[in-house]
Enquirer: 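Once you've had a glance at the structure underneath, I'll fire off some questions.
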Amino acid sequence: MPSRRSTIQEAAKTQKAAPNRKLTRRPEASESKEREQEKKPAATARSAGMKTLQFMLVLVGFAAALVIGMTVGYSVLGHHSIADVLYPETWAHVFQLVYAP
């Protein structure tokens, strides 16, 4: 039965490693996946800030799309003045027209 030292030296030769270097066992595929999942850090303040920034950008995008849509719909399709889009009375009137009982 070969000694432990000779087994390690043979393994070092086959792996083309230095004989004095400590050999370690390579993790299996499932073990490496588990280790990768363990190494992932929890959500940091930076990622929370990025999520907040993305949320704010989406809200600003929705508001801009709403204003542009109202302007195009009221002034271009409705043949009214663009300045009338800014008055709340205009939209109160449109709201009453749409949701009248």
Enquirer: Is V76 linked to V67 within one hydrophobic cluster, defined over Ile, Leu, Val, Met, Phe, Trp and Tyr using a side-chain heavy-atom separation of less than 4.5 Å?
Expert: no
Enquirer: Heavy-atom count around L86 CG within 6.0 Å, excluding the residue itself: above 12?
Expert: yes
Enquirer: If Ile, Leu, Val, Met, Phe, Trp and Tyr residues are connected whenever their side-chain heavy atoms lie under 4.5 Å apart, and connections chain through other members, are V85 and V94 in the same group?
Expert: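 Cluster IDs for V85 and V94 match.
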Enquirer: Is there a path of hydrophobic side-chain contacts, each under 4.5 Å between heavy atoms of I/L/V/M/F/W/Y residues, joining V98 to W91?
Expert: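 Linked, W91 and V98 end up in one cluster.
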Enquirer: Which atom names give the shortest non-hydrogen contact between T90 and D84, and what distance separates them?
Expert: OG1-O, 2.9 Å
Enquirer: Identify which one of L57, T52, L59, V58 satisfies the side-chain contact (heavy atoms from CB on, under 4.5 Å) criterion when paired with F55.
Expert: L59
Enquirer: Mark yes or no for whether S75, through its side chain, and H80, through its backbone, hold a donor-acceptor pair below 3.5 Å.
Expert: no
Enquirer: Find out if a path of hydrophobic residues (ILVMFWY) with successive side-chain heavy-atom gaps under 4.5 Å connects L66 to F95.
Expert: yes
Enquirer: Under a single-linkage definition using a 4.5 Å side-chain heavy-atom cutoff for Ile, Leu, Val, Met, Phe, Trp and Tyr, are I68 and Y74 assigned to the same hydrophobic cluster?
Expert: no
